[in-house]
Every structure is written in structure tokens, then in C-alpha cells.
*Asks:* 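Following this message is one structure expressed as C-alpha cells.
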Amino acid sequence: MRIIKVYLSILILSLFVLSSCKKQSISEKVDETSVNDNNHPKLILTKQGVKNIRSNLGSIPIFDESLAATKAEIDAEIASGIEVPIPKDYSGGYTHVRHKRNWDVLQKAGVLYQILDDEKYAKYVKDMLMQYEEMYKKLPLHPKTRSYARGKLFWQCLNDSNWLVYVSQAYDCIYNYLTEEERNKLETNLFRPFADHISVDSPQFYQRVHNHSTWGNAAVGMIGLVMGDEELIDRALYGIKDLKLDTTAKDDDGGFLNKDGKAGFLANIEEPFSPDGYYNEGPYYQRYAMYPFLIFAEGLHNVKPELKIFEYKDGVLLKSINALLNLSDADGDFFPLNDGQKGMSYYNNALVTAVDISYHYGEQDPGLLSIAKKQDRVLLDDSGLAVALGIKKGLTKPFDKKSINLSDGPDGKQGGVGILRNDDLELVFKYASQGSSHGHYDKLSYSLYENGEEVIQDYGLARFVNIEQKGGGNYLKENKTWAKQTIAHNTVTQNETSHFNGEYEIGSQHHSVLHYFSSENKNVQVVSAKEDNAYPGTEMLRTMAVIKDSDFEKPYLLDIMKVTSISANQYDFPFYYFGQVLQTNFDYKTSAILKPLGDKNGYQHLYLEAKAKANSNNSKFSWFNNNKFYTLTTTTNNYDELLFTRIGANDPEFNLRRDPALILRRKNAKNTLFVSTIEAHGSYSPVSESAVNSNSNIKELKVILDSESYTAIQITNIKGNSKIFITANTNASTETKHTVKINDKNYEWSGSYYFK
């Protein structure tokens with residue numbers, strides 16, 4: 001495969017040289033008309049960038065290979081002919097997919113025209129755009145009526161905006177190839193009406209802070225930059241002025257529209273991003289939004305450098321790329337916080353854009369080059385060239401993911417996400433804000449990974465993206481009835497009711513609060529946060545530690561959930577594990593007939609498979625997954641119940657995965673404490689059929705103090721060695737000195753916690 005790629009690269013370079021000998025170069029054509037045409041290309045590719053790319057062709061392997069692959073792809077498209085069908089389908093349907101394909105093909109063909117100086121690509125772009133011009137001027141709203149903001153090419157304005165973001169780049173690349181009459185025709189009948197429909201005609205889509213609107217802002221702004229239309233650029237940056245909307249109307253995701261009147265590209269940078277670069281909708285939608293954020297920012301940088309867009313809000317756009325990369329597991333898959341599809345990773349095209357632009361316009365972090373090498377492709381523009389040259393010069397260094405705490409909210413004061421990493425273990429602890437309309441009701445929830453594999457999972461979203469057979473590829477009703485509900489997450493559910501009663505308007509007013517984050521000691525890393533609004537009259541304080549102890553084979557997780565309430569409640573505390581049950585130290589009775597665990601708030605989707613009464617101070621549960629062993633040890637009392645459940649009840653269309661969980665249920669409790677450890681240990685070889693270290697290394701988990709100020713846990717291993725972990729529940733300042741007497745022994749330390 002490598003030999004083929006190199007051959008294609010050499011072939012492309014040869015074709016380029018021959019082409020240059022036969023006809024006048026694009027750069028010369030640009031010089032002849034630059035007074036009148038604003039020096040195209042200028043948006044993403046630049047005139048100087050094209051010269052630099054040409055001068056390096058044949059000597060920059062990753063760029064040459066990316067170019068060869070793109071040329072082969074677009075040549076095949078040209079050979080198959082142009083298809084511009086009348087729109088009629090939802091996501092995943094033929095016309096939807098074809099128009100999506102067209103925007104990608106147009107952008108790539110435009111770039112090939114600039115780099116290879118072959119007019120067949122410009123002609124192809126022109127011919128397709130003229131077909132769109134002919135169709136669009138007679139096109140009504142899309143026939144599918146489900147969207148809160150219908151497009152014309154697509155069933156929703158969001159996809160229309162996607163189209164214009166890409167096609168703007170194609171238009172910029174062939175701008176000088178077109179006659180003035182052809183440009184006027186396209187701009188008058190296609191591009192300006194297209195931009196007006198996205199914005200002026202669809203303010204409920206355009207005039208708000210949301211990833212949808214970011215695409216709309218970028219679309220209007222980018223075509224404005226190409227055409228030199230200052231009114232469109234202004235509309236993109238600041239929104240439509242003096243416009244009133246119905247703020248009681250809801251969008252497709254259940255969020256209210258335009259509640260604060262803020263709109264435009266700059267507002268979409270100001271509001272969702274924290275100073276650390278965390279995007280409040282979560283990494284899945286941050287990935288989706290990063291393309292319009294960065295590609296429009298690049299266009300603004302090139303055409304309007306006076307805006308200093310990459311410095312806006314203390315350079316948060318470039319910071320956000322580092323944050324997003326840190327929100328991925330060992331395999332590069334993004335953690336599915338809020339609405340997030342599992343498997344989305346930094347191999348996505350949007351992240352190729354993010355990595356290349358971050359490297360080129362940022363501090364040229366050599367760690368980004370290692371991500372680019374894994375992606376095995378670069379953008380065919382100025383930023384892609386910079387990355388290719390960096391790799392060629394041998395500047396690559398590993399991208400080092402460390403433990404990190406990312407604040408949420410425009411000022412960084414609306415909770416956040418803490419990630420603890422130790423060897424192959426990764427803990428993702430969510431104490432963030434609601435996360436806009438894509439948020440879930442999961443305060444103080446977590447997920448756990450070992451070497452990129454889920455140990456304790458977050459369900460993610462209930463949607464089959466772009467699969468037409470499943471709800472037109474859009475969100476399924478189970479996303480609201482299951483995936484967003486509290487019981488679907490690894491946190492406390494009180495009285496079988498979701499946090500904030502599952503109401504967006506209430507949840508969006510509150511956020512959890514960081515108690516402390518400590519990652520300086522690589523052997524003991526801790527994150528702790530409070531939540532006192534999810535249930536009126538109930539306070540939750542969760543402290544989670546990843547501990548590396550020489551007495552254990554691997555790092556393990558210690559989890560302390562302290563609940564304080566003014567009334568007695570039922571608390572459900574789930575563990576969404578993967579794999580097969582191996583062993584328990586409690587006797588359970590399986591259900592002869594599977595019935596739902598409840599009738600609402602997500603409980604209607606859980607089958608009760610088995611049930612047990614806890615019969616000791618520690619309940620232990622071991623399971624087996626991916627040839628590895630795991631053990632949960634949790635403190636219990638004789639009144640606690642242990643419920644084996646499985647997702648899938650009341651799901652006649654099989655929209656939900658049939659994943660298992662163990663739920664610890666504690667009834668009629670006012671103030672209570674859930675303490676657990678999760679160990680990853682041992683391995684199994686199906687070849688040699690041998691199991692190594694298949695048993696838990698913990699003999700006892702014991703609460704030795706639980707007061708308003710401190711909680712102390714004793715962890716004793718099977719050899720009889722004990723360690724004490726004490727967390728400060730009130731004053732957790734790093735400078736505070738603590739003295740605690742437990743069982744006639746004094747413990748003294750400075751800081752948030754003690755472990756010894």
C-alpha cells in the first residue's frame with residue numbers, strides 16, 4: 001500500500017509538471033486580475049500557500065499521499081457524472097446522501113484545481129454549481145416537515161449550512177476561472193438567497209448559541225468573505241440585529257430558542273467555551289462544531305487579519321483543540337458525555353482540520369504531529385502543508401495525555417469534567433453544567449476505561465446517526481426516555497426520579513461545584529465535587545480517587561459518594577459494567593419472568609433479571625470482559641438490595657442496546673454513604689486456557705469515620721496490609737492543616753486528602 005501511495009504521488013507530480021509546461025499557471029492568472037478579484041484563492045487556500053505547496057510537491061510524503069488519494073477519489077466522481085437530485089429524503093436517504101457527497105466533492109475538486117492547475121476540476125465545479133443555481137432558484141422548502149427550521153436542499157437548515165461552508169471553499173478556488181457574468185449569476189440566484197434562507201428566513205435556527213447556529217454563522221460568513229459582502233460578514237459575526245423571536249418554541253432537541261438574545265459567531269465562541277476550551281455540549285458536539293469554528297476562523301484570519309480571531313477570548317479556539325484531544329480515550333475515541341455516539345474519534349475529518357489548523361496557527365506543538373501521523377492524512381491547504389513539513393523535518397513527539405481538569409461555563413465557573421489517568425486506567429468524572437439541549441441529567445456521574453476499553457460505561461445517545469431505517473437517522477424517543485435519564489448513568493437516583501425531575505429549564509439553571517482536584521501525586525489522584533440542586537433538600541458530595549499501590553497489580557478506583565438529605569429516601573446506585581458475571585459473595589435469585597424495574601424516568605427500560613439481599617458489610621461482584629478480570633467491592637448493610645438489571649424493556653423496535661448493570665438499592669435512608677472500589681486485575685489466555693490473578697486483592701473495605709468534616713476509608717488487602725484514605729468534606733484547601741483522631745490514632749496532613 002505504501003508503494004502504491006508513493007507511486008501515485010510521483011504520478012501526480014509528473015502530471016503537474018506537464019500541465020505547467022502546457023499552459024499559463026494559475027498564479028500568473030491571479031496576478032493579471034488581482035486588482036478586481038481580491039486575490040483569490042484567499043479563504044482557506046491562499047495565493048502564497050498554493051505557491052508553497054507546489055514548490056514542495058513530491059517531497060512531503062503525507063501531503064503527497066493525501067493529494068493522491070483525493071485526486072483518485074475526485075477523478076472517479078468526475079467520470080461517473082454529476083448528480084443534483086430534487087431533495088426529498090431524511091438523513092440517510094438517497095437525495096440527502098447525494099447532496100452531502102456533492103459538498104465534499106466540490107470542495108476537493110476546487111482544491112485540486114488550485115494545486116494541480118488542471119481546468120477539468122474547475123469546469124466540474126462550475127458545471128455542478130450551475131446545476132444547483134438552476135434548481136435552487138425554483139426550489140421550495142424541503143418536503144419533510146419535522147425540523148424546527150427546514151432547509152431547501154436538506155430537511156433541516158443545519159445541513160444546508162454544512163453545504164454552504166464547503167461550497168464556499170470551492171467557489172473561492174474557481175473564482176478567477178469564472179467570468180464576471182457567471183459569478184453574478186451564481187451569487188444572485190444561489191449564494192445570496194442561500195445565505196438569506198439560513199439566516200434571515202430561519203432566525204429560530206440562526207439566532208442562538210448552539211452548534212447548529214455555529215454552522216449557520218460560518219456558512220453565511222464564509223460565502224460573504226469570498227464575495228466580499230460586508231453585510232453578510234457582519235451578520236455572521238454578530239447575528240441579525242433587532243430581531244424578535246418566539247422564545248417558547250422548542251428545537252428538535254428540546255431546548256428553548258434564543259432565550260438570551262445572543263447570536264452570531266462571536267457569541268458562539270463566548271458562551272459555550274470555558275477558558276480551558278471545554279465545550280458545554282460535550283466532546284461529541286465539540287468535534288462536530290470544531291470544523292465550522294476553525295475553518296471560518298481560518299478564513300477570517302486570511303481575509304480579515306485585523307480581527308485577530310485566533311486571539312479572541314484569550315485564544316480559546318486553539319485551546320479547545322487540546323481540550324478535545326484530552327477528552328479521548330487511549331484509542332482516540334471521544335468520551336460519550338451528554339449526547340455522544342460511541343466510536344467517534346480524532347480520526348474524523350473535523351479533527352484532521354482541527355489538528356492541522358492548531359499546529360499551523362498555534363504554537364506548533366510537536367505532539368500534534370503524532371496525532372496527524374495516526375490520522376495518516378492532512379488538509380490540502382496551508383495548514384496541511386505546515387504539518388507535512390513538520391513531520392518531514394522529524395519534529396514529531398508523542399501527544400501526552402495527562403490527568404486534567406477542564407472547567408465548564410463561559411467564565412469557567414459552571415462545574416467541569418475531571419479526567420484522572422494512571423497507567424492504562426482512565427476515570428472520567430462529570431460535574432458540569434446541563435450542556436445545553438444535548439445535556440443529560442447525570443450530575444456527578446462517571447465512566448471508567450482500561451486501555452481504551454470501557455469498564456464502567458456511559459450509555460451515550462440513543463440514535464443511529466444517518467441510518468435512515470432508524471427514525472430517519474435522527475434522535476429516537478428513547479434518547480429522552482432512557483439515555484438522558486439519571487438511572488442510565490453511574491450516579492445516585494433518588495426515589496426513582498431523575499435529577500431536576502428531568503426538566504431542562506430547571507437543570508439549565510444549575511451546575512455542580514468542584515470541591516477539589518489533585519493530580520500532583522501520580523500515585524494518588526483525586527477529584528471531588530458537590531451537587532445540591534439535583535434534588536431539593538439533598539446534597540451529594542462525590543470523591544473519586546485513582547490509586548496506584550505497590551500491593552496491587554494495577555491502579556484501582558476508590559469511590560466515595562456522601563449523601564445528606566432532610567428526609568428519608570430510596571437511593572439507587574448503578575454500575576453499568578460490560579461482560580459476564582463471574583462471582584458474587586451474595587446469593588441472588590433470578591427472575592422467572594422479566595419485568596420492568598419501574599414505569600417512568602428510565603426505569604421502564606430496565607428489566608430486573610435477578611435480586612439479592614446484602615448479607616455482609618462488603619458486597620463483592622466479579623466479572624470478566626475482553627479477557628480481563630474486574631471486581632467491585634462496595635460497603636453494604638443487611639437492608640440493602642442488589643439488583644441485576646438489563647436495558648431493553650419497553651423497547652419494541654430494539655432501539656436500545658441490551659447492556660447489563662448491577663444496582664445497589666438503599667431504602668428509607670436519610671443521610672448515607674456509598675463507598676466502592678473497582679479493581680482491574682489479571683488476564684486470561686484462550687490459547688493456553690490459563691487464568692492469571694483472577695481474584696480480587698481486597699479483603700475488606702471499611703468506613704472508619706464519616707462526619708460532616710471528614711470521611712475516612714480503610715482498605716485492607718488479602719495479605720492483611722491496610723491503607724487509610726481520608727478526604728476533607730468541608731475545608732479542602734491545599735494549605736489547610738488537618739488533624740483527625742480515629743480509633744485513638746491521630747492523623748495529620750496538609751491539603752485535601754490523606755493516604756497512607
*Asks:* If you measure from the Lys or Arg side-chain nitrogens to the Asp or Glu carboxylate oxygens, is any gap between Arg542 and Asp559 under 4.0 Å?
*Replies:*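 Yes, Arg542 and Asp559 are salt-bridged.
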*Asks:* Side chain of Gln525, backbone of Lys522: donor and acceptor closer than 3.5 Å?
*Replies:*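 Checking the backbone N and O of Lys522 against the side chain of Gln525, a donor-acceptor pair under 3.5 Å is found.
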*Asks:* Donor-acceptor pair, Ser565 side chain versus Lys670 backbone, under 3.5 Å?
*Replies:*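 Not confirmed, Ser565 side chain does not pair with Lys670 backbone.
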*Asks:* Would a line drawn from the ring center of Tyr747 to the ring center of Trp749 be shorter than 6.0 Å?
*Replies:*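 No.
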*Asks:* Between Thr633 and Lys620, does any side-chain donor sit less than 3.5 Å from a side-chain acceptor?
*Replies:*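 A donor-acceptor contact under 3.5 Å links the two side chains.
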*Asks:* Is there a donor-acceptor pair under 3.5 Å between the side chain of Asn729 and the backbone N or O of Ser707?
*Replies:*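 Yes; at least one donor-acceptor contact below 3.5 Å.
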*Asks:* At their closest point, which heavy atom of Val492 faces which heavy atom of Tyr535, and how far apart are they?
*Replies:*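 Result for this residue pair: O-OH, 3.9 Å.
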*Asks:* Start with the C-alpha distance between Glu496 and Arg665, add both sets of side-chain angles, then the distance that settles salt bridge (Lys or Arg N to Asp or Glu O under 4.0 Å), and finish with yes or no.
*Replies:* CA-CA 11 Å; Glu496 299 187 25; Arg665 171 167 286 181; 3.5 Å; yes
*Asks:* Any side-chain to backbone donor/acceptor pair from Ser498 onto Thr493? Under 3.5 Å, distance only.
*Replies:*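 Side chain of Ser498 to backbone of Thr493: no pair is present.
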*Asks:* If you count heavy atoms of other groups shown closer than 6.0 angstrom to CG of Asp587, is the number above 12?
*Replies:*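 For Asp587, atom CG is not crowded (no more than 12 foreign heavy atoms under 6.0 Å).
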*Asks:* Could you note down all residue pairs passing side chain to side chain donor-acceptor pair (under 3.5 Å) where residues 319-330 supplies at least one of them, sequence neighbours left out?
*Replies:*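 As it turns out, the side chain to side chain donor-acceptor pair (under 3.5 Å) pairs with a partner in residues 319-330, which skip direct neighbours, are Asp314-Lys319, Asn322-Asn326, Ser328-Lys401.
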*Asks:* Is it true that a side-chain atom of Ser403 and a backbone atom of Arg421 form a donor plus acceptor pair closer than 3.5 Å?
*Replies:*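 Yes; at least one donor-acceptor contact below 3.5 Å.
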*Asks:* Do Phe621 and Phe575 have ring centres separated by under 6.0 Å?
*Replies:*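 Between Phe621 and Phe575, the centre distance exceeds or equals 6.0 Å.
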*Asks:* Can you see whether Ser445 engages Asn490 through a side-chain donor-acceptor pair at a distance of less than 3.5 angstrom?
*Replies:*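 Short answer, no.
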*Asks:* At what distance, to the nearest 0.5 angstrom, does OG of Ser519 lie from CD1 of Ile419?
*Replies:*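 Taking OG in Ser519 and CD1 in Ile419, the distance rounds to 11.5 Å.
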*Asks:* Measure from the side-chain N and O atoms of Trp482 to the backbone N and O of Ala488, and report whether any donor-acceptor pair falls under 3.5 Å.
*Replies:*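 Side chain of Trp482 to backbone of Ala488: no pair is present.
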*Asks:* With the threshold set at 4.0 Å, does a side-chain nitrogen-carboxylate oxygen contact exist between Lys548 and Asp423?
*Replies:*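 Counted as a salt bridge, because a side-chain N and a carboxylate O are separated by less than 4.0 Å.
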*Asks:* Which class fits the ring pair His440 and His489: parallel under 30°, tilted 30 to 60°, perpendicular over 60°?
*Replies:*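 Ring orientation, 0 to 90° scale: perpendicular.
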*Asks:* Indicate whether the side chain of Tyr288 and that of Glu281 have a donor and an acceptor atom separated by less than 3.5 Å.
*Replies:*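 Distance-only check fails for Tyr288 and Glu281.
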*Asks:* Is a side-chain donor or acceptor of Gln286 paired with a backbone partner of Gly277 at a separation under 3.5 angstrom?
*Replies:*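 Such a contact is found between Gln286 side chain and Gly277 backbone.
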*Asks:* Between Ser358 and Val355 (side chain of the first, backbone of the second, donor and acceptor by atom type, cut-off under 3.5 Å), is there such a pair?
*Replies:*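 No: the side chain of Ser358 does not pair with the backbone of Val355.
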*Asks:* I'd like to know if the side chain of Glu609 reaches the main chain of Arg646, judged simply by a donor and an acceptor atom lying under 3.5 Å from each other, with no hydrogens or angles considered.
*Replies:*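 Checked: no pair found.
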*Asks:* Would you check if the distance from the ring center of Tyr588 to the ring center of Phe644 is below 6.0 Å?
*Replies:*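 Aromatic pair counts; centres sit under 6.0 Å.
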*Asks:* Would you say CG of Asp331 has more than 12 non-hydrogen atoms from neighbouring residues, nucleotides or ligands within 6.0 angstrom?
*Replies:*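 Yes - once you tally the heavy atoms of other residues, nucleotides and ligands closer than 6.0 Å, there are more than 12.
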*Asks:* For the residue pair Asp442 / His499, report whether a side-chain donor-acceptor contact shorter than 3.5 Å exists.
*Replies:*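 No, because no side-chain N or O of His499 sits under 3.5 Å from a partner of the opposite role on Asp442.
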*Asks:* We want to know whether Lys443 and Asn533 form a side-chain donor-acceptor pair, criterion being a heavy-atom distance below 3.5 angstrom.
*Replies:*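 No, no side-chain donor-acceptor contact under 3.5 Å.
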*Asks:* Which of parallel (below 30°), tilted (30 to 60°) and perpendicular (above 60°) describes Tyr571 and Phe674?
*Replies:*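 The arrangement is perpendicular - the two ring planes meet at more than 60°.
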*Asks:* Is a side-chain donor-acceptor pair under 3.5 Å present for Asp276 with Ser407?
*Replies:*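 Yes - a donor-acceptor pair under 3.5 Å links their side chains.
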*Asks:* Between Asp572 and Tyr603, does any side-chain donor sit less than 3.5 Å from a side-chain acceptor?
*Replies:*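 Judged by distance alone, the side chains do pair up.
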*Asks:* Strictly by modelled atom types, are Ser752 and Ser518 linked by a side-chain donor-acceptor pair under 3.5 Å?
*Replies:*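 Side-chain D/A pair, Ser752 to Ser518: absent.
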*Asks:* Using a strict 4.0 Å threshold on nitrogen-to-oxygen distance, state whether Lys554 and Asp424 make a salt bridge.
*Replies:*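 Here Lys554 does not pair with Asp424 in a salt bridge, since their nearest N and O are not under 4.0 Å apart.
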*Asks:* Give a yes or no on this: more than 12 heavy atoms of other residues, nucleotides or ligands lie within 6.0 Å of atom NZ of Lys613.
*Replies:*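 Yes.
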*Asks:* Does the side chain of Asp339 come under 3.5 Å of the side chain of Asn479 through a donor N or O and an acceptor N or O?
*Replies:*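 On atom types as modelled, these side chains qualify, holding a pair under 3.5 Å.
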*Asks:* Working to the nearest 0.5 Å, report the span between CG of Leu514 and CZ of Phe429.
*Replies:*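 The CG atom of Leu514 sits 8.5 Å away from the CZ atom of Phe429.
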*Asks:* Does a side chain donor of either Asn569 or Asn495 reach within less than 3.5 Å of an acceptor in the other side chain?
*Replies:*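 Checked: Asn569/Asn495 side chains pair up, N/O donor to acceptor below 3.5 Å.
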*Asks:* Got a sec: does the NZ of Lys723 have more than 12 other heavy atoms crowding it under 6.0 Å?
*Replies:*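 For Lys723, atom NZ is crowded (more than 12 foreign heavy atoms under 6.0 Å).
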*Asks:* Using ring centroids (six-membered ring only for Trp), state whether Tyr710 and His738 fall under 6.0 Å.
*Replies:*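 Between His738 and Tyr710, the centre distance is under 6.0 Å.
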*Asks:* Does the pair Asp458/Lys342 count as a salt bridge with the N-to-O cut at 4.0 Å?
*Replies:*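 Answer for the salt bridge query: no.
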*Asks:* Sub-3.5 Å donor-acceptor pair from the side chain of Asn338 to the main-chain atoms of Gly439, do we have one?
*Replies:*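 Not confirmed, Asn338 side chain does not pair with Gly439 backbone.
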*Asks:* Do Leu324 and Phe334 have side chains that get closer than 4.5 Å, going by heavy atoms?
*Replies:*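 Counting from C-beta outward, Leu324 and Phe334 do come under 4.5 Å.
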*Asks:* Say you draw a straight line from CD1 of Ile698 to CG of Asn618; how long is it, rounded to the nearest 0.5 Å?
*Replies:*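 Between atom CD1 of Ile698 and atom CG of Asn618 there are 8.5 Å.
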*Asks:* May I have all residue pairs that pass side chain to side chain donor-acceptor pair (under 3.5 Å) and include part of residues 671-685, sequence neighbours excluded?
*Replies:*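 Sorted result for residues 671-685: Thr631-His681, Thr634-Ser676, Arg666-Thr672, Glu679-Ser696, Ser685-Ser688.
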*Asks:* Any side-chain donor paired with an acceptor under 3.5 Å for Tyr607 and Asp651?
*Replies:*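 No donor-acceptor contact under 3.5 Å links the two side chains.
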*Asks:* Are Arg657 and Glu478 within salt-bridge range, i.e. N to O under 4.0 Å?
*Replies:*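 Salt bridge: no.
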*Asks:* How about Asn280 and Ser433: does a side-chain donor come under 3.5 Å of a side-chain acceptor?
*Replies:*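 No, no side-chain donor-acceptor contact under 3.5 Å.
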